[in-house]
Amino acid sequence: MEQKNKTGYTCPMHPEIQQDVPGDCPKCGMPLEQKAALATEDDNKEARILARKFWIGLILAAPVFLLALGEMIPALSLKAVISSEVSRWLQFIFATPVVLWVGNIFFIKAGKSILNKSLNMFTLIAMGVGAAYGFSAVAILFPNIFPESLKQHGQIGLYFEAASVITVLVLMGQLLEAKARNRTGQAIKSLLGLAAKVAHRILSDKEEDVAINQIKIGDLLRVRPGEKVPLDGIITEGKSTVDESMVSGEPLPAAKKEGDRVIGATVNQTGTFVMRTEKIGSETLLAQIVKMVADAQRSRAPIQKLADQVSGYFVPVVLGCAVIAFIIWSIFGPAPTLAYALISAISVLIIACPCALGLATPMSIMVGVGKGAQSGVLIKNAEAIEKCEKITHILTDKTGTLTAGKPQVTAIFLAGGWDEKSLLSIAASIEASSEHPLARCVVDYAKEKNYVLSSVEGFGSVTGAGVNGKVNGKTVLLGKQKFIEASGISLPEELKKNSEQLQEKAETVIWVVADGQAAGILGVSDPIKKTTPDAISALHKMGLKVVMLTGDNQKTAQAIAKKLGITDVYAGLEPKDKQEIVKKLRSEGAKVMMAGDGINDAPALAEAEVGVAMGTGTDVAIESAGITLVKGDLFGIVKALRLSRAVMRNIRQNLFFAFIYNAIGVPIAAGILYPFLGLLLSPMIAGAAMSFSSVSVIGNSLRLRNIKL
């Protein structure tokens with residue numbers, strides 16, 4: 001708790017609200033969020049409390065709803081089992097804890113909104129639920145104060161089911177919202193989990209294991225194969241290859257030697273080295289990525305902001321109508337004037353209850369999210385759907401997003417007298433003994449083809465150049481062209497031309513030589529996913545600008561972009577560079593969607609209006625993104641955009657249904673037709689109108705299940 005007080009809390013919707021302790025925003029009533037990036041054990045405390053209240057409320061509200069339904073629909077009448085009087089009292093008993101305990105948070109928030117003179121959605125909810133419950137409670141406890149003309153079968157209509165169901169539904173929305181906020185914090189937890197916990201510090205030729213937080217700038221650390229690099233620094237002794245995919249996004253490990261920079265949380269692979277610590281704590285690249293993700297996520301405004309803005313105008317209007325109706329009926333109404341005035345005012349509040357307004361967005365989102373999941377598009381929250389509709393630019397990482405993200409043998413050229421089987425058999429046999437990252441893809445390719453691998457004699461390796469050995473009596477060399485030529489072997493011109501063609505396509509070339517004669521060459525690259533070209537074409541047809549961002553070199557990036565028809569390419573980028581490009585485009589008015597699959601993409605995913613992660617990518621990328629594509633198929637973006645447009649169109653239709661009933665019902669409930677037609681809308685009819693608006697919203701939302709993506 002001490003850490004929380006130190007870091008402070010703020011409201012995502014109203015950043016000017018700052019305080020040292022947790023609580024609710026005095027303007028909108030939303031829970032304040034921690035400004036610090038660090039997560040704590042009780043981050044989900046609010047979600048746990050809301051979940052407990054929701055399930056208790058649901059259990060208690062169910063019998064209230066069923067009992068009320070039995071009285072409204074003759075075919076479902078329960079009078080044979082429970083008398084009408086007992087049913088009414090049971091509804092009162094079950095509804096009371098739902099409204100007064102489960103829903104007390106809404107009344108507290110509403111009270112604060114009134115004190116702060118900032119009316120919001122909670123004000124409206126408290127008004128509607130309070131009016132429905134209060135009227136019904138008075139009708140149960142003091143039935144004789146109501147005029148006989150307002151009674152049906154000698155009884156006043158009750159609205160306990162409306163109060164209970166509204167409370168539970170709104171609470172469910174709050175619970176889903178709390179869980180969504182917690183999920184955004186999982187990205188930061190995942191990032192922090194990448195850091196090494198212990199380092200091997202060298203002091204006076206002695207080595208000791210110490211916790212990372214005890215390391216100081218200038219300390220010498222030993223890093224062995226398979227271990228994480230503890231912190232950012234410079235190699236002072238040794239050499240190795242390091243998997244830096246978390247930073248660069250590229251699948252191939254980077255060769256490191258004395259004087260080269262290494263980054264904390266990356267993984268050492270083949271050799272041992274000693275490094276001098278250059279950055280610690282918040283200065284490390286991992287800490288900066290954590291901060292970038294946290295800042296970008298916290299800067300987003302929840303979708304409820306629009307509803308609160310509407311409520312800011314709607315609440316005073318409804319209250320004004322209720323007060324005016326009460327005053328006019330008190331002065332000009334028939335006897336008993338007070339009872340008629342009370343009924344009229346309560347009818348206004350009940351029919352204006354935001355049940356349909358509260359359902360308008362959640363129902364469409366709920367159905368839309370379910371439809372997306374069926375199509376392999378996982379949507380984190382309503383905000384992502386809302387923003388998808390307005391996207392103008394699609395920024396996409398290359399490796400793992402446009403491409404498979406794993407080096408593969410993509411081309412084979414043979415010298416005379418050789419076939420693929422013979423070439424791959426000897427090549428894979430040699431590579432099976434190598435530690436080079438590209439060796440594995442040659443071995444995997446041969447195994448996929450069921451080619452037989454043979455034992456190797458006299459295996460040798462020249463770092464960064466090639467390997468050699470004897471296979472079935474043949475002296476075999478594999479590696480770069482310079483390595484082969486340096487061995488005094490003459491290479492055929494035809495294969496040299498083939499090699500140049502592969503290099504122009506940004507493919508890595510492996511030469512294979514047997515007994516001093518070239519046997520062929522292998523082209524290794526990260527292939528484009530089969531669905532990527534169609535997906536890019538579909539995005540262009542939707543009028544969207546597609547931009548490639550990659551940590552790979554410019555030549556490789558341009559080769560991939562040319563094949564896909566992408567004209568805007570940024571290469572050689574670090575995580576902060578990708579985020580800066582997103583910021584720049586947004587500052588120019590673009591609505592940006594970022595697609596990626598690596599840790600290096602997390603800041604940009606969080607910074608964009610909508611982040612899209614490949615389901616085949618890292619947990620950090622997935623947690624930072626608003627949308628995850630289960631199959632890692634870029635065509636899922638097309639589906640997500642189509643779904644977004646359908647859902648937002650559906651929400652607008654729902655809001656129309658929600659407000660049209662209020663626009664028509666509120667004046668009638670206030671008694672505007674009584675002087676002309678003698679028609680006074682009773683609270684029961686007001687409740688029915690309110691329910692009908694909710695049914696309209698639900699029915700319209702369910703249509704989303706049938707849309708084609």
Measuring from [X]:[atom1] to [Y]:[atom2], what's the distance to the nearest 0.5 Å?
X: Gln91; Y: Ile140; atom1: CD; atom2: CD1; result: 7.5 Å
X: Gln653; Y: Asn700; atom1: CD; atom2: CG; result: 4.5 Å
X: Leu704; Y: Arg649; atom1: CG; atom2: CZ; result: 8.5 Å

I'd like to know if the side chain of [X] reaches the main chain of [Y], judged simply by a donor and an acceptor atom lying under 3.5 Å from each other, with no hydrogens or angles considered.
X: Trp329; Y: Ala345; answer: no
X: Ser330; Y: Phe326; answer: yes
X: Thr167; Y: Val98; answer: no

> More than 12 foreign heavy atoms under 6.0 Å from CH2 of Trp101: is that the case here?
Replying inline: yes
> Is atom CD1 of Ile672 surrounded by more than 12 heavy atoms (other residues, nucleotides or ligands) closer than 6.0 Å?
Replying inline: no
Which heavy atom of [X] sits nearest to which heavy atom of [Y], and what is that distance?
X: Gly368; Y: Val647; answer: CA-CG2, 3.9 Å
X: Val377; Y: Lys639; answer: CG2-CB, 4.0 Å
X: Leu641; Y: Cys388; answer: CD2-O, 3.5 Å
X: Val64; Y: Ser164; answer: CG1-OG, 4.0 Å
X: Phe107; Y: Val99; answer: CE1-O, 3.5 Å
X: Phe54; Y: Val168; answer: CE1-CG1, 3.7 Å

>> When you compare the side chains of Tyr133 and Thr96, does any donor N or O come within less than 3.5 Å of an acceptor on the partner?
In response: yes
>> Using the side-chain hydrogen bond (donor to acceptor under 3.5 Å, both in side chains) definition, which of the options Lys387, Lys591, Arg586 pairs with Glu609?
In response: Arg586
>> Between Arg652 and Glu389, does the salt bridge (charged side-chain N to carboxylate O under 4.0 Å, His left out) criterion hold? Intermediate values first, please.
In response: CA-CA 13 Å; Arg652 294 187 187 99; Glu389 184 192 32; 2.9 Å; yes
> Under the criterion side chain to side chain contact (heavy atoms under 4.5 Å, CB included), which of Leu100, Val102, Ile108 is the partner of Asn104?
Replying inline: Ile108
> Would you call the rings of Phe92 and Phe160 parallel, tilted or perpendicular, where under 30° means parallel and over 60° means perpendicular?
Replying inline: tilted
